[in-house]
Each structure stands twice: as C-alpha cells, then as structure tokens.
**Q** 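Here's a structure for you.
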Amino acid sequence: MGYFRDWSLRWKSFLILLSLIFIPASTVSFLVYYQSNTILEKQVMERIEQHLWHIELNLLEVMSEMEELSSYIIYSEEFRQYMTLPFDEEGSDPEEMQQLQDHIRGFFTFHLNNKSYVNSATIEGENGVHLRLGERMSGDEHEWEAQSEQAHGRLVWTDPYLMTRGDWITEDFQVISLFRVINNLFDITEPIGHVRIRLNERELYAYMTNGYNNPNDEMVLLQKNGRVLSHQNSNLVGSLYPNQNLIEKVQTGASHFQYEEDGETYYAVAREVEGRDLHLVSTVNEDYILNESSGIRHTMQIIMIAAGVIGLIAFTGFMITIIRPITELTRETKRLEEGDFSAQVHVRSQDEIGQLGTRFNKAVTHIQYLIDTKYKLEIQNKESELKALQSHINPHFLYNTLDMIRWTARLEKASETGKSIEDLSKLFRISLSQGKLWIPLKDEMSYVQSYLELQKRRLGGLLSFSVHMEKDIEECHVLKLLLQPLVENCLKHGFLELDPAHNIKIRAFREHNSVYIDVIDNGVGLPIDVETFNHNLNQPSKNEDAYALRNIHERLENTCGSGYGLTALQSESGAHIRVTIPYQKHKGGDHS
C-alpha cells in the first residue's frame, strides 16, 4: 500500500479505472448473461413440461374414451343381440336385425362426427354380421387380428400401420387402432364378435398437441422400444426414432437430458404416459435458447464499451479538476470540525471550486470573529433573559393560586365555576409537566377531557363527548398535547353554528405493538376526500389549520418512525381521524 501511494496520479487513475469500471462491468455483464441464459433455459424447460402434461392428458383422454367405448359394446344388449342373433338363416328376423344395425350405426355416427381423430370402426359377429362404419378403406390387418384373438378379450393397441382410402383416387395414411375380441357376458370364454376402432394418426397428433406445440419444439410419442407412434413428421411414424442416444436416455428413465445430433446440442424433456408403456418426448435446439438471449448479450457488450469510454474520459477530467482541490477542502474542513480555526484552503483558480475555497476561507475567519465577540455576548444575554423569565413564572405559585380560587368558589357554592377552575388547573399542570415532552396516555386523556369540559360550558351545553381508554394502556407514553389540536379542529371546522347535536368521541385501544386513538365527530366531515387528505398530510401548506395537523403528523413520524402519525378513515357522517403511536411504557431522554 505504501508503494501504491508513491505512484503518479496518472497510474493511480488508470488502476482505479480498471478496478472500479472495467473489471466490475465485465464481471456483471458475464453474470447477467449467464444468469439470463439459465433463467431462459429454465423457463423453456418449464414450458415444455407444462405442454407435455397437457398433451398426456389429451392422449389419455382419447385412449380412455376408446377403451370405454369397447367396454360399452360388451355390456350393451343391442350389440350382443346384433352379434349373436341368427343372420341369413331360417328363423332370423331381418327387420329386427335392420333395426339393431340402424341403432348401432347411429351410435357410432355420433362418435365419428364429434371426434375428428376417430376414422372408422368395424364390428364383426360370430353369427356372420359385418358392419363397417366411417370411411371406406382397405389394408392388411391380419397381424392385429391374430394378436387380438390371442389376447382373449383384452385390449390390443396397434402400432401405426398403413390403410388405403378411396375407390377411384387412392390415398395411403397411417392409423392406430384398438382391437378387441367381444366375449359372451355370461361366459367369458365364448367369443361372440370382434370390434376394431381406427384412429387417424395425423388427426390424433393434431388433437393431442392442439395449442401446446411450439414451432421451435419437436414432440414425439414413443414406444418403449423407440418406435414412433406419432410425430409432426409423418415420415417418421411407424419407424424407430433416428437418434439412438435419445432412445437410450428414455429407456433409462431420464426426464431431463441433453443429446447431440449432427453436431448440434438439443435439450429434451421426457414424460412417461401414466399407466401406458409409452413416452412423450419434447426437444428444443440449444441455438433457439441462445438466439433468445442474443439481444441481452449484444446490449451488455455495448453498455460495457460505452461505460469504459465514458468512465475513462470522465475520470481523467474529474481527477484533474475536482478531486485534488476537493481533497484539500475536505482536509481543511476536518481541521475546522476539530476546532482548529486556522484552517485555510490554497486557492489555485477562480472557477466554482476556487470560489468555494475562497468562501471557505472567509467563512472560517468570520466564524472565528463571531465566536469571539457577538455570539458569546448574545448567548450570555439569552441566559440572563431566560433566568429572569423563569423567576417570574413559578408553576407552583400558579397551581396554588388556582386551587385557592377553586376552593373559594366551592365555599361560595359556585360548583360550576369551581369545576371550570379545576379543569383549567389540570390544563396548566399537564401543559407544563415539569418540562417533559412525553407523558402517560392517562394524563393526555385527562387533559383533553378537561379541555372538552371547558368547551362544553362555553358552548352552553350544545356539546356532548365521550372519552374511553383500554385499561392496560394507561401508562403508554405519548407526546404531550397530542389530541387537543385535533379536538380544537373538530370544534372550529366540524360543526355548523346552528347544529345543536355536537358530539365528539375519543377512544384509545391497543393492537399488538401499536396504540390507536380515534377522534370522531358528527359534524360536516372533511372538506376533501380521505385519500387526498392523507396525501396532503405530507405536503407543504400555507393553511394554518392544515399546518397544525401536518405538524402533529410530522412530530409523530420524526419521533416514532415511519408508519406512525395521523390517518383519516372513511366515516358515514362527520370526520374520523386516527392517531397511531407505538406502545411504550417508558420514553427516555425527556428534557425541557
């Protein structure tokens, strides 16, 4: 450190500039960029997770509906009759068979029309009936028929396979089907028919991802072995997913992972479909996430370069023109604070800094003169005047005189006059309070009650009032003469002259560590709305009454802290002012 002090100001300035501007700017820029990338990556992953959850719900909804549909066929009397009644034989009833067929066709037509992903259905009975519903199509389904028969009534969901639609213009498309053998309800070993429900893979993908597929994401529905059941690229449907690394991650149960493909990094989220041997996987390219934060990266680079250039220029000029003379001025000011009035600043120029130094020198000389002559003399005069004033005013003489007058009024049977003198005596006694700034709440409430008693007699009985206080807050210390200005404001502005029903209510209560004192009248109310009144408590005002209330508010804020003071509350009639003070039984530091 000693060696550093011996450096020239130029090298010191360069080191300070490097340590205070370039290094922090570079560090902050890197941290902001890294943190923004992390946050953005987390947001993208959370979005993908939410989308996969919704896609899973849609897929489970479709599969559950188709399985419930096949179960309905097992328990439906119409379906059982259709697949077991004699068909094209003696004793058969063509009209009954036609009626059953019409009902079944209407049942499936409803599902075909309301579920776009249901392509077609086929119902076959052991009695020889064969009913095709939906689009006319053809394809090789022998493999799935054999698996269905081996399942003996259990559900068989197929892999995607090709079907051909149309008679004149053929079109191939892939379907995922549900095959099921329908057994006799009363003898589950006896098959009575077969049902197959075909789902259009393209329509199924669109339904699953409706509103939940971001253009920058790739969503794939995989079997455990990696075969693609559904994908935005129809060419991949039915084949193994081309990236073996992704398949291995899914097979190991990973839910969040990264993998490489063609030299690019991808982030992936995998979700196992509940109750199914299927997996939903959504991937996003790392370049997409980086591109999203490229604006932040460029902005931070520009800010860092601009801050460095501006800082270098400003710091150089600041060191030469301001830092050096201000440092000297600070040193001389410290000498002055320590009582050394010989402090002087060396003035090198006549600019603002030089003028400041000149005025500092003049101020030090003038202060020395005032201390030696005028101020010492004036302080002595003030002390003499204060002692004379204190000798003229003896609080005990005032109390004793008022007590003598009060007892004289009682002896003369002037009870009202005696009571008024007693209230006035309380006012003087509490007002002086031996010079204390803080008094118990019970004394403050007694003071305002005496004040109201005197006002009540002055108004000839037109005023009524009530003063209530919770018992456990009597010793809470408050600023002296806190409530009297509020009551005086009620009497001066709150009541019309001809209104005979003047009423003022004062109540004090405690909640937790705060004491609340409400001053409520039934007068004309506040001249402005409550919000404006509360706002104006902190604004300068030339109005004498507004100044008095604002003065009380500022006294409480300055002595008790933020959150304490006056607040206007909504009232159906009249005005409602609340005083908020901290609950404290002792207040140290009281002095006259």
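In this text, all values refer to a predicted model and were calculated from it rather than measured experimentally. Here, residue 1 is the first one in the sequence, and each next residue gets the next number.
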**Q** If we only count heavy atoms from C-beta on, is the L60 to R276 side-chain gap below 4.5 Å?
**A** yes
**Q** What are the two closest heavy atoms between N127 and L85, and how far apart are they?
**A** ND2-O, 2.6 Å
**Q** Okay, side chain of T252, backbone of K249: is any donor-acceptor separation there less than 3.5 Å?
**A** yes
**Q** So F107 and F79, would you call those rings parallel, tilted or perpendicular, with 30° and 60° as cut-offs?
**A** perpendicular
**Q** Any side-chain donor-acceptor pair under 3.5 Å between R198 and T122?
**A** yes
**Q** Take N216 and N285 through the test side chain to side chain contact (heavy atoms under 4.5 Å, CB included) and record every step on the way to the result.
**A** CA-CA 8 Å; N216 298 290; N285 196 315; over 6 Å; no
**Q** Is the backbone N or O of Y161 less than 3.5 Å from a side-chain atom of D159, with the two atoms forming a donor-acceptor pair by type?
**A** no
**Q** Counting only heavy atoms not in E260, do more than 12 sit closer than 6.0 Å to its CD atom?
**A** yes
**Q** Does any N or O in the side chain of E56 come within less than 3.5 Å of the main-chain N or O of E274, such that one atom is a donor and the other an acceptor?
**A** yes
**Q** For I188, I'd like to know if atom CD1 has over 12 heavy atoms of other residues, nucleotides or ligands within 6.0 Å.
**A** no
**Q** Minimum heavy-atom separation for M45 and V284, please, with both atom names.
**A** CE-CG1, 3.8 Å
**Q** Is any side-chain heavy atom of H111 less than 4.5 Å from a side-chain heavy atom of E65?
**A** no
**Q** Could you report the tightest heavy-atom contact between M163 and G139, atom names first, then the distance?
**A** SD-CA, 3.6 Å
**Q** R578 and E511: salt bridge (charged side-chain N to carboxylate O under 4.0 Å, His left out), yes or no, with the steps?
**A** CA-CA 13 Å; R578 170 165 291 179; E511 287 186 3; over 6 Å; no
**Q** How about CD on E77, more than 12 heavy atoms from neighbouring residues, nucleotides or ligands closer than 6.0 Å, or not?
**A** yes
**Q** Within a 6.0 Å radius of atom CG on D187, are there more than 12 heavy atoms belonging to other residues, nucleotides or ligands?
**A** yes
**Q** Could you pull out the closest heavy-atom pair between G193 and E126, with the gap in Å?
**A** N-CG, 3.8 Å
**Q** Side chains of N243 and Y259, heavy atoms from C-beta outward: is any pair under 4.5 Å?
**A** yes
**Q** What's the shortest heavy-atom distance between T265 and Q258, and which atoms?
**A** CG2-OE1, 3.7 Å
**Q** So for atom CD, which belongs to E264, do other residues, nucleotides or ligands contribute more than 12 heavy atoms lying within a distance under 6.0 Å?
**A** yes
**Q** Taking atom types as modelled, find out whether T283 and E218 have a side-chain donor-acceptor pair closer than 3.5 angstrom.
**A** yes
**Q** Would I123 and M83 count as a side chain to side chain contact (heavy atoms under 4.5 Å, CB included) if you check the C-alpha gap in whole Å, the side-chain angles of each, and the deciding distance to 0.1 Å?
**A** CA-CA 9 Å; I123 298 176; M83 291 185 287; 4.1 Å; yes
**Q** Just so I know, are the side chains of N183 and T189 near enough to count as touching, which here means a heavy-atom distance under 4.5 Å?
**A** no
**Q** Check the pair W157, M66 against side chain to side chain contact (heavy atoms under 4.5 Å, CB included), reporting the backbone distance first and the verdict last.
**A** CA-CA 10 Å; W157 282 99; M66 297 303 102; 3.8 Å; yes
**Q** Do the side chains of L486 and I506 get nearer than 4.5 Å, heavy atoms only?
**A** no
**Q** Quick test of your reading of the model: are E145 and R196 salt-bridged, counting only N-O distances below 4.0 Å?
**A** yes
**Q** Would you say the side chain of R47 lies within less than 4.5 Å of the side chain of Q50, judging by non-hydrogen atoms?
**A** no
**Q** Minimum heavy-atom separation for Y207 and N58, please, with both atom names.
**A** O-ND2, 3.6 Å
**Q** Can you check whether N119's main-chain N or O pairs, donor with acceptor, with N200's side chain at less than 3.5 Å?
**A** no
**Q** Check the pair Y516 / T580 against side chain to side chain contact (heavy atoms under 4.5 Å, CB included), numbers first and verdict last.
**A** CA-CA 5 Å; Y516 301 98; T580 305; 3.5 Å; yes
**Q** More than 12 foreign heavy atoms under 6.0 Å from NZ of K115: is that the case here?
**A** yes
**Q** Do Y205 and V237 have side chains that approach each other closer than 4.5 Å (heavy atoms only, starting at C-beta)?
**A** no
**Q** Would you say S76's side chain and Y72's backbone share a donor-acceptor pair under 3.5 angstrom?
**A** no
